[in-house]
Amino acid sequence: MNSEKQRNAVQIRIELLRRNIKLVDIARIAGVSVSAVSRVISGKLISRRIMSIIDDLLDREAS
């Protein structure tokens, strides 16, 4: 994993923790496993739909 992806994954996880959003919550909304959500965040799996849900949750919590 390159350092840019790694840094982005860490930033996403930090923001999720700050906003008390759990991977299981994202997984339930997306209808996928927690593992799939984790793999998308780490860049090991590509899913625009899951990333979009994460972005929406982070944007919603920021408002």
Side-chain angles (χ1 to χ4, degrees):
M1 177 184 292
N2 69 30
S3 63
E4 184 178 327
K5 277 186 181 179
Q6 199 170 29
R7 213 174 11 248
N8 193 34
V10 171
Q11 290 170 343
I12 291 170
R13 288 182 188 274
I14 288 170
E15 283 305 311
L16 291 172
L17 284 171
R18 282 184 181 156
R19 296 162 195 223
N20 199 29
I21 301 170
K22 296 174 179 57
L23 298 187
V24 68
D25 300 330
I26 298 167
R28 283 186 187 132
I29 293 168
V32 298
S33 67
V34 174
S35 174
V37 175
S38 180
R39 292 179 66 207
V40 167
I41 292 171
S42 68
K44 295 178 181 176
L45 177 69
I46 305 298
S47 171
R48 284 187 227 150
R49 187 174 65 85
I50 295 173
M51 242 358 261
S52 176
I53 291 169
I54 293 168
D55 289 340
D56 288 347
L57 287 171
L58 291 177
D59 288 344
R60 188 179 315 144
E61 292 292 321
S63 302

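Since the structure is predicted, the reported quantities are computational estimates derived from the model, not experimental observations. Along the sequence shown, residues are numbered consecutively beginning with 1.
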Exercise answer: donor-acceptor pairs, residues 20-27 side-chain atoms, under 3.5 Å, sequence neighbours excluded:
| unit_1 | atom_1 | unit_2 | atom_2 | d |
| --- | --- | --- | --- | --- |
| Asn20 | OD1 | Lys22 | NZ | 3.2 |
| Asp25 | OD2 | Lys22 | N | 3.3 |

Report summary line: Shortest non-hydrogen pair, Ala9 vs Ser42, comes out as CB-CA, 4.0 Å
Report summary line: Between the CD1 atom in Ile50 and the CZ atom in Arg39, the distance rounded to the nearest 0.5 Å is 10.0 Å
Query raised in the report: From Ile54 CD1 over to Ser47 OG, what is the distance, rounded to the nearest 0.5 angstrom?
Result: 8.5 Å
Report task. Hey, could you give me the CE/CG distance between Met51 and Asp56, rounded to the nearest 0.5 Å? Result -> 10.5 Å
**Report entry** Arg13: partners by side chain to side chain donor-acceptor pair (under 3.5 Å), with sequence neighbours left out
**Finding:** Ser38
Report task. Evaluate the side-chain proximity of Glu15 to Ile12: yes if any heavy-atom separation is below 4.5 Å, no if none is. Result -> no
Query raised in the report: In chain order, what residues pass the salt bridge (charged side-chain N to carboxylate O under 4.0 Å, His left out) check against Arg48, with sequence neighbours excluded?
Result: none
Query raised in the report: Any side-chain heavy atom of Ile29 within less than 4.5 Å of one from Leu57?
Result: yes
Query raised in the report: Minimum heavy-atom separation for Val32 to Arg49, with atom names?
Result: CG1-NH2, 3.7 Å
